[in-house]
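The next block holds one structure in the form of structure tokens; read it before the comments.
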Amino acid sequence: MSPDLETSFVDLLDEWVPPNQAFLARSAGQLVNGWAHAEVACSSHALLEPLVLAWLTSPTPHVNLNSLLGSLPPDQDSNCVSVIVDDDGVVELPGLGQFDGNLADEVLNLRRLGHNRVLIRGDKGETEAALRPIPMVPGTRAVLAGSAHPLLKRFYCANAGESAIVETLIETRRHSRSIIEAFSLLARTVPLLHAHLADAVRRVTVHRAGHVHSFATPAAHGAVFLAAAEDDTDIGFVEDLVHQGGHVLCTAMTVDREVFFTVPAETPLADITGIVDETRSLYEAFHGVFTEAAMILTLNRLLDLDGLTPRQAHESRGRLGLIGSRAVADLANVCRPGLFTDEGLRILKYCRLALIETIDRRREELAALDLTGQPYAFSYAAFVARNPLDHDLP
């Protein structure tokens with residue numbers, strides 16, 4: 001990937017993401033102040049906390065909003081705020097710290113005693129607890145969540161749309177090192193894109209791969225929910241962080257959809273293409289093209305990185321081949337006359353150039369891949385069965 005093309009792609013993010021993130025923070029602030037019936041002093045960082053946004057979009061939040069804004073009633077205040085215990089038995093107070101609770105989904109009442117202590121009130125009296133730091137991905141704003149916060153459980157849905165129960169605690173512990181290393185690889189590979197991801201992605205939770213794929217949702221903007229198999233590696237998390245973090249960036253970029261679309265963004269793609277089993281909207285397909293371009297950019301650059309093992313390079317090449325083949329089909333579906341404004345076409349131009357340059361540069365190695373039998377989420381086991389690893393590769 002030429003530096004000019006990477007810079008041009010990220011220039012789009014520089015132009016749209018920071019002002020739109022500020023707009024989203026102001027909008028969240030207005031909603032917060034409406035709920036609090038008073039002006040709440042909190043930073044834009046606190047207002048873009050995914051748990052705050054999930055609270056604002058939840059029909060039954062069950063916790064006090066103040067507990068998510070980095071503010072708790074002081075000791076002399078007789079009021080308490082309600083908080084909720086996650087599946088790991090932990091109560092998370094964004095901006096303050098966390099402490100051990102008791103039973104999962106238990107609601108507790110508490111107030112702040114001092115810099116790092118809280119008073120917990122319950123049926124059996126009062127107890128004190130010390131706050132400890134919330135685990136973070138170094139060099140980013142992202143919380144490395146140990147389990148699914150109760151406010152976020154409603155977002156886990158199977159393919160048919162029904163609610164699903166997923167395993168998060170064990171998976172996050174198993175893969176936390178790989179997530180940290182994946183962010184490090186992104187910083188070395190695509191530093192400009194990494195800078196945007198490190199700022200916009202505010203929460204990473206890992207669940208066991210199965211009937212719930214990786215996803216991101218505007219209702220908890222800034223959170224990414226990553227599905228992981230037991231044998232997933234740093235390379236898989238690089239791709240998935242760019243994929244789901246790319247959705248976060250694309251959501252921020254396209255806050256005002258009329259800037260990019262000349263037709264309703266929610267127009268069913270099937271109405272445009274005539275493909276009867278296509279279930280996405282035009283906007284969802286646009287998201288797909290954008291994130292595919294970001295993954296192509298990243299995996300192409302990753303293959304040039306010094307120090308990759310043969311296994312890492314082999315997996316990167318396989319993932320690049322699969323994403324590239326999907327991008328070809330998605331670009332053909334959305335690049336049709338009369339759908340996009342000049343600004344929308346400008347984004348599609350760079351997505352198309354990312355694909356063209358990659359194909360031109362890596363045509364022979366990608367053409368040699370056998371991607372038969374690949375599921376939606378790339379499987380290295382299925383890939384290596386048809387594309388044995390040559391350990392003599394550099």
Side-chain angles (χ1 to χ4, degrees), residues 1-22 44-45 48-50 135-145 172 175-206 214 216 221-226 228 232-253 287 289-309 312-313 315-316 319-320 323 327 347 350-351 353-355 357-358:
M1 181 70 60
S2 66
D4 288 344
L5 185 55
E6 182 200 356
T7 300
S8 298
F9 186 83
V10 175
D11 280 348
L12 297 170
L13 301 178
D14 292 339
E15 181 178 346
W16 290 105
V17 172
N20 284 354
Q21 288 280 83
S44 60
H45 173 62
L48 288 176
E49 161 61 49
M136 306 287 293
V137 177
T140 77
R141 292 183 183 270
V143 169
L144 186 52
T172 298
H175 297 290
S176 59
R177 187 206 62 80
S178 290
I179 293 170
I180 293 171
E181 179 58 25
F183 269 105
S184 177
L185 282 170
L186 286 170
R188 293 159 54 198
T189 304
V190 281
L192 299 177
L193 178 58
H194 170 268
H196 276 284
L197 293 170
D199 182 70
V201 174
R202 306 297 176 94
R203 189 178 191 88
V204 180
T205 306
V206 183
S214 299
H221 180 63
V224 295
F225 304 81
L226 309 183
D232 273 357
T233 66
D234 305 347
I235 302 302
F237 284 107
V238 165
E239 182 198 290
D240 217 3
L241 284 169
V242 173
H243 186 178
Q244 305 310 324
H247 282 304
V248 173
L249 294 174
C250 193
T251 295
M253 185 172 64
H287 255 262
V289 167
F290 178 84
T291 57
E292 285 159 358
M295 287 184 280
I296 288 168
L297 185 156
T298 300
L299 291 167
N300 194 13
R301 291 287 298 272
L302 189 62
L303 283 166
D304 293 330
L305 190 67
D306 289 337
L308 284 187
T309 66
Q312 288 177 316
E315 180 177 349
S316 299
R319 290 181 179 274
L320 179 59
I323 296 303
I347 293 173
Y350 289 112
C351 294
L353 287 175
L355 176 64
E357 182 171 315
T358 298

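Bear in mind the structure is a predicted one, so any value in this text is a computation, not a measurement.
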State the CG-OG1 distance between Leu226 and Thr172, to the nearest 0.5 angstrom. 8.5 Å
Any Arg141 side-chain heavy atom under 4.5 Å of Leu48 side chain: no
Using a 4.5 Å cut-off on heavy atoms from C-beta on, say whether the side chain of Val238 contacts that of Glu181. no
Rounded to the nearest 0.5 Å, how far apart are CZ of Phe290 and NE2 of His247? 10.0 Å
For the atom pair CZ (Phe183) and CG (Leu197), what is the distance rounded to the nearest 0.5 Å? 6.5 Å
Under the side-chain contact (heavy atoms from CB on, under 4.5 Å) criterion, do Thr291 and Gln244 qualify, and how do the steps go? CA-CA 8 Å; Thr291 57; Gln244 305 310 324; over 6 Å; no
Measuring from Ile347:CD1 to Cys250:SG, what's the distance to the nearest 0.5 Å? 7.0 Å
Which pair of non-hydrogen atoms, one from Asp234 and one from Ala182, has the smallest distance, and what is that distance? O-CB, 3.8 Å
Measure across Val137 and Thr140 and return the closest heavy-atom pair with its distance rounded to 0.1 Å. O-OG1, 2.8 Å
Kindly indicate whether the side chain of Glu6, heavy atoms from C-beta on, has any atom under 4.5 Å from the side chain of Pro191. yes
To check you understand the geometry: which heavy-atom pair defines the closest contact between Val224 and Leu241, and what is its length? CG2-CD2, 4.4 Å
Which heavy atom of Pro50 sits nearest to which heavy atom of Gly222, and what is that distance? CG-C, 3.8 Å
Relative to each other, are the rings of His175 and Phe237 parallel, tilted or perpendicular (30° and 60° limits)? tilted
Close side-chain approach of Leu13 to Leu193, heavy-atom, < 4.5 Å: yes
Are the side chains of His194 and Thr189 in touch, meaning some heavy atoms are under 4.5 Å apart? no
Yes or no on side-chain contact (heavy atoms from CB on, under 4.5 Å) for His221 and Val248, after CA distance, side-chain angles and deciding distance? CA-CA 7 Å; His221 180 63; Val248 173; 3.6 Å; yes
Classify the side-chain pair His196/Gln21 by whether it contains a donor and acceptor separated by less than 3.5 Å. no
What closest approach, in Å, do Leu302 and Ser316 show between heavy atoms, and which atom pair accounts for it? CD2-OG, 3.4 Å
Which heavy-atom pair separates Cys351 from Val289 by the least distance, and what is that distance? CB-CG1, 3.7 Å
Any side-chain heavy-atom pair of Met295 and Thr298 under 4.5 Å: no
With Glu315 via salt bridge (Lys or Arg N to Asp or Glu O under 4.0 Å) - residues at least two apart: Arg311, Arg319
Report the C-alpha distance between Asp11 and Thr7 in whole Å, list the side-chain angles of each, state the deciding distance to 0.1 Å, and finish with yes or no for side-chain contact (heavy atoms from CB on, under 4.5 Å). CA-CA 6 Å; Asp11 280 348; Thr7 300; 3.9 Å; yes
Give, for atom OG1 of Thr358 and atom CG of Leu353, the distance between the pair rounded to the nearest 0.5 Å. 10.5 Å
With rounding to the nearest 0.5 Å, note down the distance linking CG in Leu297 to CD1 in Ile323. 13.5 Å
Using the rule given for side-chain contact (heavy atoms from CB on, under 4.5 Å), can you reason through Gln312 versus Leu305, listing the C-alpha separation, both sets of side-chain angles and the distance that settles it, and then say yes or no? CA-CA 11 Å; Gln312 288 177 316; Leu305 190 67; over 6 Å; no
